[in-house]
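This report refers to the structure that appears directly beneath it.
Quick caveat: nothing in here was measured; it's all calculated off a predicted structure. Order of appearance sets the numbers: ligands from 1, and atoms from 1 within every ligand. Heavy atoms only: backbone and side chains are in, while hydrogens, waters and symmetry mates are out.
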Amino acid sequence: MPVQDPNDSRRSFLVGATALVMQAMTGCKASAPRHSMVPVHPSADSSLRLHAAEHRLLYGTAVAMHPLRTDAEYTRLIKEQCSILVPENCMKWAEIHPKPEQYNFEEADYLVAFAEKNHIKVRGHNLVWHKSLPVWLTSSISPEMARTMMTEHIQEVAGRYSNRMHSWDVVNEAIHLEDGRADGYRDSLWLKNIGPDYIEIAFQVARDADPAALLTYNEYGLDNESNEHEAKRQAVLQMLRRLKTRNIPIDALGLQAHLSTTHATYGEGLRRFLTSVRELGLQIFVTELDVNDEKMPADPGQRDLAVAKAVTDYLKVVLSERDVRAVLTWGISTRYSWLRTPQDPNPRGLPFDTQYQPTLFFNALRDSFDDRATQGLEPHSARTFVPLLPSTREKGGVE
Ligand code: G3I
């Protein structure tokens, strides 16, 4: 059972003090926050999984394999809080396909079996990316061999877990406007060796290898109201329209949502984008939500408030879109987060801190799920994954 966070009393003081300052500045009594601003001590019956399910959402996290096997509290928290998981690294090319004729499925097998045993769904991440590529591939790829290499990899990996996966990140981060192409495509090893159609090919091969899974395009930098993010949203939309026009099998868009405390404006640009994505008949998943708070002072109380604001402001826009079906954080505890560095050993940008104590991120997630307008959204049962055949895949049909 998590212990009382010593910062709790400090945090509630801080929140109370903030309200008093607001009252003094505005002359009006700051209304008591609608939701508790003091982290709760979650349990199975107040879990993110259940709050999400009440609003037709799945909640889950990226999983690091070493702690999943060795850290009992980490594993307990995942079982208690999550209805969907995604491997942080073990299904990437460098880890799962370390040599030309050798695949290393041991960790991915463990994760999929763990999830199935605990009635948790699994996302696959990722089949085609410009990073985490083994040296044997980057040193031997050629225009003559690239399509075969990519096709065989997808067939081996997606085929192995066919009918067991909620979804696949088929292509990850293919848009990179800085490369200057008219279509906004990243000038990656895949584009150089296969051409822009590598994206279409990857999705078609993935559909053939795993017909039951929801095929997803996953991308970062689509979140705030900056010109940069708006331009990237338009390029992603152009690509999605191209795929749909060509009847390429794609089912969902993944918003990575790596937020920061310095970018706290989420609004009409994002809202319009999500509407356009829905109009293409695609589901939407928040796939890698976390908040980079490294620019904040060290004080956990201040960091928590800034992180919770970013999460609340972002999800207020995103969860107003009815076809958002899953929210995954990129880690459940900052103990194993990529955000944790020797220079910043105690980031607050995930639902639980390095001591597995809930942060205000947890409250913001829970309250954002609870605040989601529920009209027209039948409650989402958090039951086990039932593979869908394409013929019975209706939009949002994944339960
Ligand atoms: O497993 C090797 C280990 O054997 C070796 O000793 C060690 C030192 O070189 O490296 C280990 O691999 C590292 C791997 O994480 C596992 O810890 C890689 O070097 C390191 O690059 C890799 O970083 C991951 C990164 O993606 C690149 O794959 C991060 O953990 C992971 O959080 C991050 O996640 C990405 C998503 O996949 C895509 N969206 C952005 C997100 C954040 O960058």
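Under the rule for a side chain to side chain contact (heavy atoms under 4.5 Å, CB included), the partners of Gln204 that lie at least two apart in sequence or sit in another chain are Arg207, Asp208, Pro249.
Closer than 4.0 angstrom to ligand 1 by heavy atom are Glu88, Asn89, Lys92, Glu95, His125, Trp129, Ser132, Asn172, Glu173, Gln256, His258, Glu288, Trp330, Trp338, sorted by chain and number.
Between His229 and Tyr266, the distance from one ring center to the other does not fall under 6.0 angstrom.
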Next on the checklist: Show, in sequence, the C-alpha distance, side-chain angles and deciding distance for Asn218 and Glu173, and conclude whether the side chain to side chain contact (heavy atoms under 4.5 Å, CB included) test is met.
Outcome noted: CA-CA 6 Å; Asn218 193 44; Glu173 306 175 4; 5.6 Å; no
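Stacking of Arg69 on the aromatic ring of Tyr110 is recorded, both the 6.0 Å distance cut-off and the 45° axial limit being met. Cation-pi check for Lys232 over Tyr220 is met; the charged atom lies under 6.0 angstrom from the ring centroid and within 45 degrees of its normal.
One hydrophobic cluster, built from ILVMFWY side chains closer than 4.5 Å, holds both Ile332 and Phe114.
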